[in-house]
Amino acid sequence: MANIRKIIEEKKIIAVLTIDNAKDAVPVANALKAGGVTAIELTLRTPAALEAIRRIRGEVEGVTVAAGTVLKPEQVKQVVEAGADFAVSPGINPRVVKAAQDAGLFFGPGIMTPSEIEMALELDCTLLKFFPAGTTGGLKHLNAMAAPYKHLGVKFIPLGGITCANVKEILSDKLIAGVGGSWLAKPDVINSGNFAEIERLAREVTEVIKG
Ligand SMILES: O=C[C@H](O)COP(=O)(O)O
Ligand SMILES: CC(=O)C(=O)O
């Protein structure tokens, strides 16, 4: 299994996509890549998601592809078959985490309470989504909540309310491995075929992080 934690720490930004038409997957991935964003999460919220993972995996080199919103154990097999590099979920379901571990698929469950962090640690997960980050107190809340677990090497990927305006501050926190966000490629922008706008947003965040 690739070292997903290291990859996320290097790439820093995960573009979270909810895609309606699988035909858009490759142009969107290429636009993100041209702008410097090479980690992409396809949420399993639309029927096109699995085919989108398959197409990006098959046609776009150098991009790390995750499956998001993986809510059922049986979806693990589907995302492995589609070629996902890792998978995440908004919350934590031990049956899904165990199915992923049995399949050799790296899994980052979502948490927003200490009890959920403890459940994740019990399942040997130390890279966790912090969702929904923006409305549950952001970094201040995360640092207070995670204080008892820092010595265990746990790291977080906040998702929810991340934009170009707050990304740099969030990434500067030692608890953060990377961030996820949908602002880079919103469904209406994807559906309108405005891939140039997606590339522009990806380039903008890449420059903000570098600068
Ligand atoms: O469900 C997850 C969200 O779509 C990601 O949060 P965001 O839209 O605030 O980036
Ligand atoms: C929110 C999130 O992490 C997911 O849909 O997988």
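Ligands are counted one by one from 1 in listed order, and the atoms in each one are counted from 1 as well.
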Participant: Provide the number and element of each atom of ligand 2 under 4.0 Å from a heavy atom of V88.
Facilitator: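 In order of numbering, the contacting atoms are 6 (O).
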Participant: Within the 4.0 Å heavy-atom shell around G68, which atoms of ligand 2 are there?
Facilitator: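 Selected atoms, number and element: 6 (O).
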Participant: Heavy atom under 4.0 Å from ligand 2: found in S89's side chain, backbone, both, or neither?
Facilitator: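 For S89, only backbone atoms sit under 4.0 Å from ligand 2.
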Participant: Is the closest side-chain heavy-atom distance between I176 and F130 below 4.5 Å?
Facilitator: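 Not touching, per the 4.5 Å side-chain cut-off.
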Participant: Please round to the nearest 0.5 Å and tell me the distance separating atom CD of E81 and atom CD1 of I53.
Facilitator: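 Rounded to the nearest 0.5 Å, the CD-CD1 separation comes to 12.0 Å.
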Participant: Compare all side-chain heavy atoms of V96 with those of L71 and state whether any distance is below 4.5 angstrom.
Facilitator: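 No, too far: nothing below the 4.5 Å cut-off.
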Participant: So which heavy atom in the protein is nearest atom 6 (O) of ligand 2, and how far is it from that ligand atom?
Facilitator: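 The protein heavy atom lying closest is T69 N, 2.6 Å.
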Participant: With a sphere of 6.0 Å drawn around CD of E169, does it hold more than 12 non-hydrogen atoms of other residues, nucleotides or ligands?
Facilitator: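 Incorrect, the count does not exceed 12.
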Participant: Tell me every residue that passes side chain to side chain donor-acceptor pair (under 3.5 Å) with N194, counting only those two or more places apart in sequence or in another chain.
Facilitator: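 For N194 there are no side chain to side chain donor-acceptor pair (under 3.5 Å) partners, ignoring immediate neighbours.
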Participant: For atom 3 (O) of ligand 2, what is the nearest protein heavy atom, given as residue, atom name and distance?
Facilitator: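 For atom 3 (O) of ligand 2, the nearest protein heavy atom comes out as K129 NZ, 3.0 Å.
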Participant: I want to check something: taking the side chain as every heavy atom from C-beta on, are F156 and D173 in contact at a cut-off of under 4.5 Å?
Facilitator: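 Counting from C-beta outward, F156 and D173 never come under 4.5 Å.
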Participant: Within the 4.5 Å heavy-atom criterion, are F106 and L127 side-chain neighbours or not?
Facilitator: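 In short, these two side chains touch, coming nearer than 4.5 Å.
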Participant: With atoms numbered from 1 as shown, which atoms in ligand 2 lie under 4.0 angstrom from a non-hydrogen atom of R45?
Facilitator: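 Listed by number with element: 1 (C), 4 (C), 5 (O).
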Participant: Tell me which part of V70 gets within contact of ligand 2: side chain, backbone, both or neither, using heavy atoms under 4.0 Å.
Facilitator: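 Near ligand 2, V70 shows nothing, with every heavy atom at 4.0 Å or more.
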Participant: Is the shortest side-chain heavy-atom distance between I8 and F86 below 4.5 Å?
Facilitator: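 Side-chain contact under 4.5 Å: yes.
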Participant: Quick check on ligand 1: any N or O pairs to the protein under 3.5 Å? One line per pair.
Facilitator:
from, atom 1, to, atom 2, distance (Å)
ligand 1, 1 (O), R45, NH1, 3.2
ligand 1, 1 (O), R45, NH2, 2.8
ligand 1, 8 (O), S182, OG, 2.5
ligand 1, 9 (O), G161, N, 2.8
ligand 1, 10 (O), S182, N, 2.9
ligand 1, 10 (O), S182, OG, 3.2

Participant: Would you confirm whether K33, through its side chain, and E61, through its main-chain N or O, come within 3.5 Å as a donor-acceptor pair?
Facilitator: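 Checked: pair present.
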Participant: About how many Å separate CD of E10 and CG of N3, when rounded to the nearest 0.5 Å?
Facilitator: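 Those atoms lie 8.5 Å apart.
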Participant: Distance from L44 atom CG to Q75 atom CD, nearest 0.5 Å?
Facilitator: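 Atom-to-atom, L44:CG and Q75:CD are 5.0 Å apart.
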Participant: If you measure every N/O of T43 against every N/O of ligand 2, is any gap under 3.5 Å?
Facilitator: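 Min N/O separation from ligand 2 is not below 3.5 Å for T43.
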Participant: Taking only heavy atoms of L159 into account, list the atoms of ligand 2 that are under 4.0 Å away from them.
Facilitator: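 Reading through ligand 2 atom by atom, the close ones are 1 (C), 2 (C), 3 (O).
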Participant: Please list, in number order, the atoms of ligand 2 under 4.0 Å from a heavy atom of E41.
Facilitator: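 Counting atoms of ligand 2 from 1, those under 4.0 Å from E41 are 4 (C), 6 (O).
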